[in-house]
Amino acid sequence: MQELSEIRLCAAGELDLEKTFECGQCFRWNRRDDAYIGIVRGRAARLFYRGGDVMIECAAEDIPLWHHYFDMDLDYSAISFGDAGEYFAACEEFGRGIRILRQEFWEALCSFIISQCNNIPRIKGIVESLCQGFGEPLEFRGEIYYSFPGPDILATLSPGELAPLRAGYRAPYIISAARAVSLGELTPEALGSREEAVRALCGISGVGKKVASCTALYGLHDMTGFPIDTWMKRALANHFPEDFTPEVFGEYAGLAQQYIFYYARTNGASS
DNA sequence: GAACAGGCAACTC
DNA sequence: GAGTTGCCTGTT
């Protein structure tokens with residue numbers, strides 16, 4: 001049993017736990033009573049509010065890891081998108097407190113391959129089965145959790161061995177991606193610029209523009225990434241000019257995308 | 001039973 | 001290159 005610390009991570013206004021964990025960017029944080037518990041890079045943490053602060057309970061030596069994961073070096077309140085219209089203003093207001101998490105590259109790639117044509121509860125279920133089946137167990141607050149399995153172990157599997165996940169046609173995609181990453185063909189270091197990264201990712205069977213763009217934004221923290229899925233498509237068609245391009249949102253377009261997506265998903269794309 | 005869900009690949013023209 | 005279709009599975 002390892003020693004856990006409870007420390008202040010930031011002010012409550014800087015990180016909205018529910019929005020950040022449930023806006024669709026990640027799949028491994030679960031609410032437990034009044035807190036969220038998650039596993040990242042094989043390490044566990046529990047986050048909750050106390051007074052006006054966000055508190056984190058984790059191993060003391062992991063504090064830098066979490067600080068990085070929650071992108072604490074960036075002052076989100078200082079980010080401005082200028083005047084992008086009334087609809088976007090509503091999205092921005094609604095999404096305030098969302099932070100773009102610095103997720104692991106492989107986990108993001110694999111999770112968003114699984115996400116295609118799927119809903120969040122099912123994505124979470126498949127990801128959880130994947131972790132329980134092939135991840136490493138770890139103990140946290142008296143319970144057992146599982147790490148996200150690395151590409152090396154998944155690269156050795158056959159689609160049949162992934163069958164219990166019920167991932168369907170995505171199973172061979174997971175394996176082909178695992179092989180590419182495991183062989184070193186695709187590592188965050190080798191991917192270079194955003195355009196190069198997206199192009200390289202699209203070379204993997206089962207990875208198209210949308211999944212590549214999500215992987216770049218969430219797994220490489222490419223904040224200019226602007227994934228467009230069916231929700232975004234509808235929101236853009238209904239509320240933005242025909243000649244809209246993500247560039248209008250500048251270097252943090254990915255955050256703007258997250259605000260729009262979260263608003264559209266929660267309130268309906270047409271409203 | 002049919003339609004659909006946070007895509008993609010393969011195939012058509 | 002734009003448009004169509006099948007794909008596993010689960011839910012409505």
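Just so you know, these numbers use all the heavy atoms, side chains as well, and skip hydrogens, waters and symmetry mates. In what follows, chains carry the letters A, B, and so on, assigned in the order in which the sequence lines appear, proteins first and then strands, with residues in each chain numbered from 1. Bear in mind that the values here come from a model prediction, so they are computed numbers and not experimental data.
A donor-acceptor contact shorter than 3.5 Å is absent between the side chain of A:Lys210 and the backbone of A:Pro227. Of the possible donor and acceptor atoms, one in the side chain of A:Arg99 sits under 3.5 Å from a partner among the backbone N and O of A:Glu14. In this structure, the side chain of A:Tyr69 does not engage the main chain of A:Pro64 through any donor-acceptor pair within 3.5 Å.
Cation-pi geometry between A:Arg50 and A:Phe48 is not met: the NZ or CZ atom fails to fall both under 6.0 Å from the ring centre and inside 45° of the normal.
Each of A:Ser205 and A:Asp229 lies near DNA chain B, and the nucleotide nearest A:Asp229 is the one positioned closer to the 5' end.
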Can you give the dot-bracket line for DNA chain C, where a pair is Watson-Crick or G-U wobble with both atom distances under 3.5 Å, crossing pairs use [ ], and | marks a partner on another strand? |||||||.||||

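Atom NZ of A:Lys209 has 12 or fewer heavy atoms from other residues, nucleotides or ligands within 6.0 Å. Few gaps surround CD on A:Glu6; more than 12 heavy atoms of other groups in view lie less than 6.0 Å from it.
With rounding to whole Å, A:Lys124 atom NZ is found 18 Å from C:dG10 atom P. Counting to the nearest Å, the P atom of C:dC7 and the CZ atom of A:Arg166 are 16 Å from each other. Between A:Tyr169 atom OH and B:dC8 atom C1' there is a gap of 7 Å when expressed in whole angstrom units. Atom CD1 of A:Ile126 is separated from atom P of C:dT9 by 10 Å (rounded to the nearest Å). Computed from coordinates, the A:Ile174 CD1 to B:dG7 C1' distance equals 14 Å when rounded to whole Å. To the nearest angstrom, P of C:dC7 lies 12 Å from OH of A:Tyr173. Rounded to a whole Å, the CD1 atom of A:Ile204 is 15 Å from the C1' atom of B:dA9. Residue A:Leu201 contributes atom CG, which lies 17 Å from atom P of B:dG7 at whole-angstrom precision.
Shown here are the salt bridge (charged side-chain N to carboxylate O under 4.0 Å, His left out) partners of A:Arg8, two or more places apart in sequence or in another chain: A:Asp53.
The residue A:Gly24 sits close to a base: some heavy atom pair falls under 4.0 Å. Contacts of A:Ile120 with the nucleic acid, taken as non-hydrogen atoms under 4.0 Å apart, include base atoms.
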Nucleotide N/O of nucleotides 2-5 of chain B paired with protein N/O under 3.5 Å:
none

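Salt-bridge annotation for A:Glu57 and A:Arg141: present, with a side-chain N of the basic residue lying under 4.0 Å from a carboxylate O of the acidic one.
Nucleotides B:dC11 and C:dC8 are separated by 15 Å at their P atoms, to the nearest Å. Across the P atoms, B:dA2 and C:dG6 are found 14 Å apart, a figure rounded to whole Å. A distance of about 13 Å separates the P atoms of B:dA3 and C:dT5, rounded to the whole Å.
Proximity of the aromatic rings of A:Phe88 and A:Phe249 is defined here by a centroid distance below 6.0 angstrom, and this criterion is met. A:Tyr259 and A:Phe94 have their aromatic ring centers separated by at least 6.0 angstrom.
Between the base of B:dG6 and the side chain of A:Arg265 there is a donor-acceptor pair shorter than 3.5 Å.
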